[in-house]
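Below is one structure, written out as structure tokens; comments come after it.
We count ligands from 1, going down the list as the structure has it; atoms in each ligand are counted the same way. Fair warning: this is a prediction, and the values are worked out from it, not measured in the lab.
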Amino acid sequence: MSEVVTYNRDGSVGVITVNYPPVNALGHAVRSGLLAALNQGLADAEAKVLLLVCEGRTFIAGADIREFGKPIQEPVLPEVMNQFENSSKPVIAAIHGTALGGGLETALGCHYRVALGSAKVGLPEVKLGLLPGAGGTQRLPRLTGARKALEMITTGDFVAAPQALELGIVDAVEAGDDIREVGLAYARKAVEEGWPVRRVRDLTDKVEADKGSEVFDEFRAALEKKARGLFSPFKCVDAVEAAFTLPFDEGLQRERALFSECMASPQRAGLIHAFFAEREVSKVKGLAKDTPVRDVNSVGIIGAGTMGGGIAMNFANVGIPVTLVEVKQEALDKGLGIIRKNYENSAKKGRISQQQVEERMALITGSLTYDDFKDADMVIEAVFENMAIKKEIFAKLDAVCKPGAILASNTSTLDIDEIASATARPQDVVGMHFFSPANVMKLLENVRGSQTSDEVKATVMAVAKKIKKVGVLVGNCYGFVGNRMLHKRGAEAMALVNEGATPQQVDKVLTDLGYPMGQFAMSDLAGIDVGYRIRQERRNSGEDVPLSWLDKLAEQDRLGQKTMAGVYRYEEGSRKPIPDPAVDAIIEEFRKEQGITPRQITDQEILERCMFVMINEGAKILEEGIADRSLDIDIVWIYGYGFPAYRGGPMFWADQIGLDTILNAVEKYYDELGGDQWQPSALLKKLVADGRSFGDL
Ligand code: T1G
């Protein structure tokens with residue numbers, strides 16, 4: 001008997017206990033242990049009913065994702081499920097924490113399910129590029145009907161226990177937090193009342209009710225929009241539909257075949273890489289696990305503009321009071337007004353209650369004086385990109401903030417060390433780069449200065465988790481990780497249009513790759529004036545920043561979505577970018593001024609120049625230690641810049657393509673175009689020479 005699954009008896013109840021931290025995943029040892037324990041329970045004459053319960057913080061949270069891609073070891077999960085379902089004794093699953101994926105499928109293979117009120121259930125396989133492969137697509141719809149099963153399986157969203165009871169997924173929800181006691185009490189009732197074996201596979205009423213339903217095609221149509229570029233969501237629909245068109249065992253086989261297709265898809269590898277990378281980024285290299293973290297129970301924010309307002313909402317959302325400071329009452333009122341409007345919109349969509357709107361607004365206090373920061377644990381500066389203004393602000397913060405307060409800048413490009421030099425406490429200065437809209441975007445790029453203390457680094461990473469962001473700690477350089485690579489992509493996109501491509505051609509290559517929007521549509525969203533001001537700032541500081549046709553748009557007040565015209569034009573009430581011949585004319589005129597004769601440019605060249613220049617820059621960022629691991633870069637791009645998670649992030653994607661292919665192209669463009677951006681990274685060359693990948697680092 002493996003030690004991760006044990007069997008013992010409590011009166012007439014045979015108890016099968018899984019104890020395989022951290023989340024009782026169905027690794028090989030657990031699968032074989034479950035079968036062995038089941039057989040022991042079946043052989044135990046005293047045991048009338050069997051109870052499956054887990055130790056630790058959760059019921060089984062799925063198959064062991066770490067085993068994917070490796071040779072499969074018997075018994076496979078579907079076999080374990082069938083044995084449980086065909087047990088001659090009733091089997092009860094007692095659920096606490098999260099019963100997910102293979103975990104919920106295991107419970108559905110049992111005959112009865114009891115859950116704690118705090119439990120959740122779900123089939124999130126689609127988030128890993130898969131589908132439920134152990135009977136979930138055949139058993140769940142027999143309990144919930146087609147529509148709810150499709151919703152749960154194509155979204156992967158979790159369902160809370162009370163709702164799971166309404167849907168018939170669980171049979172009882174009990175209060176308390178001792179799942180073993182709750183499970184035993186429920187099992188004893190089954191013994192006393194002589195409950196029969198009740199197999200989910202035998203339930204047919206929901207199947208009959210939805211036979212021939214249009215719901216499957218309805219979901220396929222909806223997924224065309226919602227799951228653009230994704231593979232497995234459509235396979236999920238095919239699998240669930242089989243439950244309504246095939247006998248149970250044939251449905252299981254159909255599910256298995258579709259599961260294998262998903263397993264073979266490169267998207268599975270990308271999404272699983274993203275799953276683990278998201279968890280690894282919180283473990284910062286060189287930062288001891290027990291590094292002290294400071295309390296952050298009150299926050300100050302400077303600037304009630306788009307970023308400041310969004311940042312404030314993140315803290316109010318988790319109950320942390322915020323003091324929002326502006327220079328003028330008018331700007332403050334406008335900022336607070338926008339925050340309330342955002343909350344009201346969420347309430348209208350039923351995401352929060354009106355009471356929560358009021359509670360969160362009550363946590364945000366407007367002010368016109370820095371004095372109100374004197375007790376703040378952390379202050380975040382969110383004013384526009386100007387070094388002189390930021391240094392002035394940090395000097396003032398240094399004067400009013402208490403010792404130990406963390407002084408953070410939301411700068412998206414500027415030098416954290418130079419900002420810190422305006423204070424006498426550079427060890428307490430750090431970058432906290434949020435992404436617009438800051439109350440929505442999941443990424444928080446935390447930037448360590450050369451003197452930022454470990455305590456401050458550990459604290460901003462803990463704050464990221466607290467405000468439900470994915471925090472990545474990176475080094476200090478111009479544009480840090482995300483914007484530094486984005487600027488390279490942007491410059492290539494601009495050059496490609498100068499040389500003959502159209503903005504919409506470039507954007508289509510990027511959206512076909514899986515980005516939600518292209519380079520130029522993104523400029524229109526962020527505001528053409530933002531980039532224009534940064535370029536002017538750099539020109540004013542004496543840097544040679546080439547003229548661009550985007551400057552012409554800014555000077556003609558084509559600032560993007562906010563002026564209904566930028567690189568594209570926009571119609572009232574729509575964010576759909578519409579190509580505008582007026583812009584083609586501006587670009588044509590610019591080419592003439594620059595003496596450029598446009599040429600035909602292929603989509604492949606656009607893809608290579610926009611993406612390989614980023615990867616080359618990413619390699620330089622790793623060389624310089626600005627990012628510790630390539631997965632840090634992948635997570636920055638997935639959660640900050642919309643890089644498709646199913647490709648695993650730009651560095652993982654590069655490994656999939658092959659670094660030799662990337663290097664060959666980089667060297668070709670270096671020869672043809674020149675420029676630092678195409679100077680091949682030494683690390684890239686070394687990895688190719690050693691036959692290694694970014695993932696091997
Ligand atoms: N396999 C292996 N490791 C896992 C795991 C899993 N299924 N789930 C979590 N971990 C590790 C994770 O990497 C981390 O490790 C630690 O557990 C804590 O996780 C046949 C094919 C359960 C809600 O998709 O959603 O079943 O970093 O930091 O925030 O149909 O983890 O500490 O070393 O996320 O409290 C389906 C995935 C699998 C669920 C807990 N199941 N997990 O969240 O902790 S496919 C899933 C989660 C499947 C079958 C198919 C969450 C969680 P480390 P954590 P958390």
Side-chain angles (χ1 to χ4, degrees), residues 4 18 20-31 34 54 56-70 72-73 75-82 84 95-109 118-140 149 152-160 232 235-236 239-240 252 255-265 267-269 271-285 289 442 461-462 464-466 468-471 629 631 635 645:
V4 293
V18 181
Y20 184 49
V23 294
N24 293 312
L26 289 152
H28 175 246
V30 173
R31 296 194 307 272
L34 281 171
C54 295
R57 62 180 168 160
T58 181
F59 188 77
I60 299 166
D64 191 335
I65 305 171
R66 292 178 199 281
E67 289 186 351
F68 290 161
K70 298 187 182 119
I72 296 182
Q73 290 179 283
V76 291
L77 199 51
E79 180 47 31
V80 178
M81 291 310 96
N82 288 342
F84 267 71
I95 299 171
H96 75 296
T98 51
L100 303 175
L104 179 55
E105 291 174 299
T106 302
L108 296 178
S118 56
K120 291 193 175 75
V121 302
L123 294 173
E125 285 86 346
V126 71
K127 295 181 179 174
L128 300 171
L130 296 167
L131 56 82
T137 67
Q138 306 305 301
R139 292 192 175 95
L140 185 70
M152 285 181 66
I153 293 173
T154 58
T155 63
D157 293 345
F158 302 174
V159 171
S232 75
K235 301 297 172 186
C236 288
V240 173
L252 277 185
E255 174 194 90
R256 203 69 204 162
L258 291 161
F259 178 79
S260 304
E261 285 183 44
C262 293
M263 196 55 110
S265 146
Q267 297 194 0
R268 182 265 303 171
L271 287 163
I272 288 180
H273 167 74
F275 173 86
F276 285 118
E278 181 183 337
R279 283 149 183 81
E280 284 307 301
V281 288
S282 63
K283 301 162 192 162
V284 175
K285 233 166 147 182
K289 260 205 175 140
K442 277 190 79 174
M461 292 302 282
K465 218 169 208 161
K466 194 164 188 179
K468 302 192 176 27
K469 299 292 184 192
V470 177
R629 302 153 294 190
L631 61 85
I635 291 299

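- We find the CD-CZ distance between Q138 and R256 to be 12.5 Å, quoted to the nearest 0.5 Å.
- Of the inter-residue distances, the one linking F275 atom CZ with I65 atom CD1 reads 4.0 Å to the nearest 0.5 angstrom.
- Regarding atom 52 (C) of ligand 1, its nearest protein heavy-atom neighbour is L100 CD1, 4.5 Å.
- Using a 4.0 Å cut-off to heavy atoms of F259, the atoms of ligand 1 that qualify are 21 (C).
- Of all protein heavy atoms, the one lying nearest to atom 2 (C) of ligand 1 is D64 OD1, 3.2 Å.
- Comparing E125, E255, E105, K283 by heavy-atom distance to atom 53 (P) of ligand 1, the nearest is K283.
- A99 and I95 make their closest contact through CB-CG2, 3.7 Å (heavy atoms, listed as atom of the first residue, atom of the second, distance).
- Nearest protein neighbour of atom 5 (C) of ligand 1, counting heavy atoms only, is V23 CG2, 3.6 Å.
- Residue contacts with ligand 1 for I65 involve both N, CA, C or O and side-chain atoms from C-beta outward (heavy atoms, distance under 4.0 Å).
- For the residue pair P124 and G101, the shortest heavy atom distance occurs at CD-N, 3.5 Å.
- Atoms of ligand 1 found under 4.0 Å from any heavy atom of P132, numbered from 1 in the order shown, are 30 (O).
- Checking atom 40 (C) of ligand 1 against the protein gives no heavy-atom contact under 4.0 Å.
- Nearest protein heavy-atom contact of atom 54 (P) of ligand 1 is R279 NE, 3.6 Å.
- The shortest distance between side-chain heavy atoms of V80 and T106 does not fall below 4.5 Å.
- E105 contributes a side-chain N or O that, together with a main-chain N or O of G136, makes up a donor-acceptor pair within less than 3.5 Å.
- Of all protein heavy atoms, the one lying nearest to atom 22 (C) of ligand 1 is A61 CB, 3.7 Å.
- The presence of a protein heavy atom under 4.0 Å from atom 29 (O) of ligand 1 is ruled out.
- Proximity of L128 to ligand 1, defined as any heavy-atom pair under 4.0 Å, is confined to the side chain (atoms from C-beta onward).
- Protein heavy atom at the shortest distance from atom 55 (P) of ligand 1 is R57 NH1, 4.2 Å.
- Residues P22 and R57 meet the side-chain proximity criterion, which asks for heavy atoms closer than 4.5 Å.
- Among E67, R268, R66, K465, the residue whose heavy atom lies closest to atom 13 (O) of ligand 1 is R66.
- For atom 43 (O) of ligand 1, no protein non-hydrogen atom is found at a distance below 4.0 Å.
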> Given F259 and L130, is the side chain to side chain contact (heavy atoms under 4.5 Å, CB included) satisfied, shown in steps?
Replying inline: CA-CA 6 Å; F259 178 79; L130 296 167; 4.2 Å; yes
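- In this structure, F68 CZ and L128 CG are separated by 7.0 Å, a value rounded to the nearest 0.5 Å.
- Between V281 and L631, the closest side-chain pair of non-hydrogen atoms falls below 4.5 Å.
- Here the closest heavy-atom approach between residue L131 and residue C236 is recorded as CB-SG, 3.6 Å.
- Close contacts between ligand 1 and F276 involve ligand atoms 13 (O) [criterion: under 4.0 Å to a heavy atom].
- Between A63 and ligand 1, at least one pair of N/O atoms sits closer than 3.5 Å.
- At least one heavy atom of P22 sits less than 4.0 Å from an atom of ligand 1.
- Under the 3.5 Å distance criterion, the side-chain polar atoms of E67 are matched with a main-chain donor or acceptor of H28.
- With atom 21 (C) of ligand 1 as the reference point, the heavy atom nearest to it among F68, F275, F158 is part of F68.
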